[in-house]
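Have a look at the structure below before the remarks.
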Amino acid sequence: MKIVFFGSSEFAVESLKKIAETKNELSCVVTQPDRKKGRHLLSSSTAVKDTAVGFGLKLMQPAKIDPSFIESIKKMQADIFVVVSYGLILPKSLISVPRKMAINVHASLLPKYRGAAPINWAIIKGENKTGVTIIKMNEFMDQGEIIAQKEIEIKTSDTSETLNKKLSVLGAESLADVLAKLEQGDTELKRQNSKEATLAPKLKRTDGLIDWSKPAEDIFNQTRGTIPWPGSFSYWQGKLLKIWQVKVVTMDVASLKPGEVISTSKEGILVACGDNAISIKLLQLESGRKLTADQFICGHKITKGIILS
RNA sequence: CGCGGGGUGGAGCAGACUGGUAGCUCGUCAGGCUCAUAACCUGAAGGUCGGACGUUCAAAUCGUCCCCCCGCAA
């Protein structure tokens, strides 16, 4: 089958590699244009572009999806579009181009967590399982009929980064199965139950700000689910303090203020939350590197009674 | 040329504005105390202060250039 692949971020790379391994013909890879970003606003390419270039694939980076772009895609006469975290909603006029259909690999158990950041939100919301879903695309975001779905356990040791990696591999495997079935024409489509739908919008910086009056469990999930960006953070002496790794400590904090430092030791910096406490294991002050709690304590006067806010 | 912070014994930091003996916490090593210890006490080793050039009687500190690290923003 002739395939056109749409993808941009790291999550899409495994799927692209998988397709490149199959006998399908990859007519073209479409990815977002290079953008100026990062420190000093240097121009940088997407993870998918880097991969496609490595494989020597034909690449397109349209600034926007306009009629002339759609025309050039039509000429490729693709059977299937595979879309994996491309970064834009594709219009109906583009989705209808391929002979068979356009499919999308989404990192959640649809209809739950529709949107740009399903992996992050599944962790932040404290889910103990998630997965990947492959849908036949329609013009509405993540609302197409389900072709295949696979579950995976979310472990307490998982962060968005580790889960992203696992799901990208799982998604690629599932994609290979689906492509094989599509070629044989034995796929079943299942409609999503929209009543069960939840949204997982792109994270904002403020999603990383810690509210210490929340239960320790919530803060633990927030810390895991916002890595690597925006990360969870608080403020100490007016300086940004990023909190990279924490552990929930069960204890009575009724007499303490939320955000109050209870104790500091090599084991961690213990902070009172709305319910129970958090032991900070790995943290980073603005301008500094990530430090373990014991390293941090050596050089910073952070002591009992100080309030993080 | 997007904005800003930083590089000081092995680790993390202070000192810099107001140039003049290299400081703190931890670690390491030796000894002591102790039934014992990651605890406590005493002592020791370990630094051309990121690099180069310049100003000066004298530079971690002031000036110029370069290298590396980090946060924000996008």
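Below, read A as the first sequence line, B as the second, and so on, with proteins coming before strands; counting in each chain starts at 1. Below, all heavy atoms of this structure are taken into account, side chains as well, without hydrogens, waters or symmetry copies.
Relative to the six-membered ring of A/Phe140, A/Arg114 misses at least one condition, a distance below 6.0 Å or an angle of at most 45° to the axis.
Distances were taken from every side-chain heavy atom of A/Arg205 (C-beta onward) to each of B/A74, B/G12, B/C72; the shortest belongs to B/C72. Closest to the side chain of A/Cys298, from the set B/A11, B/G5, B/C13, is B/A11. Distance from the side chain of A/Gln295 is smallest for B/G12 among the nucleotides B/G2, B/G12, B/A74.
The closest side-chain donor-acceptor pair between A/Gln61 and A/Thr31, if any, does not fall under 3.5 angstrom. Using a 3.5 Å distance cut-off with no hydrogens or angles, the side chains of A/Thr46 and A/Ser8 do not pair a donor with an acceptor. Judged purely by distance below 3.5 Å, without hydrogens or angles, the side chains of A/Asn164 and A/Ser160 never pair a donor atom with an acceptor atom.
B/U25 and B/G9 have their C1' atoms separated by 14 Å, given to the nearest Å. Here the separation of B/A45 from B/U55, taken at their P atoms, is 37 Å to the nearest Å. Atom name P, nucleotides B/G71 and B/G12: the rounded distance is 15 Å, in whole Å. Rounded to the nearest Å, the gap between the P atom of B/A22 and that of B/U34 is 39 Å. Using C1' as the reference atom, B/C3 and B/U48 are 35 Å apart when rounded to the nearest Å. Going from the C1' atom of B/A39 to that of B/G27 covers 16 Å, rounded to whole Å. Annotation: B/U56 and B/U61 have their C1' atoms spaced 13 Å apart (nearest Å). Here the separation of B/G47 from B/C13, taken at their C1' atoms, is 15 Å to the nearest Å.
The side-chain contact (heavy atoms from CB on, under 4.5 Å) test applied to A/Glu14 returns A/Lys17, A/Lys165, A/Ser168, A/Val169, A/Ala172, not counting sequence neighbours.
Taking for each of A/Trp229 and A/Lys239 the nucleotide of RNA chain B with the nearest heavy atom, the 5'-most of the two is the partner of A/Lys239.
The shortest distance between the side-chain N/O atoms of A/Gln284 and the OP1/OP2 oxygens of B/G71 is below 4.0 Å. Within the structure, every side-chain polar atom (N or O) of A/Lys36 is placed at least 4.0 Å from both OP1 and OP2 of B/A73. Here A/Arg289 does not reach the OP1 or OP2 of B/G6: none of its side-chain N or O atoms lies under 4.0 Å away. Taking side-chain N and O atoms only, A/Lys266 has a distance below 4.0 Å to OP1 or OP2 of B/G27.
Remark: C1' of B/A14 and CD1 of A/Ile297 are 18 Å apart, rounded to the nearest angstrom. Taking atom CG on A/Leu285 and atom P on B/G6, their separation rounds to 11 Å, with Å as the unit. Rounding to whole angstrom units, NZ of residue A/Lys301 and P of B/A14 are separated by 9 Å. If you measure from atom NE2 of A/His40 to atom P of B/C67, you get 10 Å, rounded to the nearest angstrom. When the P atom of B/A74 is taken as reference, atom CG of A/Leu203 falls 15 Å away, rounded to whole Å. Rounded to whole Å, atom P of B/G5 lies 17 Å from atom OH of A/Tyr235. Across the protein-nucleic acid pair, A/Ile302 atom CD1 and B/A14 atom P stand 14 Å apart, rounded to whole Å.
Within 6.0 Å of atom CD in A/Glu267, 12 or fewer heavy atoms from other residues, nucleotides or ligands are found, so the atom counts as exposed in its surroundings.
Residue A/Lys290 is classed as having no contact, given no heavy-atom separation below 4.0 Å to the nucleic acid. Among the protein residues, A/Leu291 comes within range of the sugar-phosphate backbone only, with heavy atoms under 4.0 Å from sugar or phosphate atoms but none that close to a base.
Pair assignment for B/G47 gives none, since no Watson-Crick or G-U wobble pairing has each distance under 3.5 Å.
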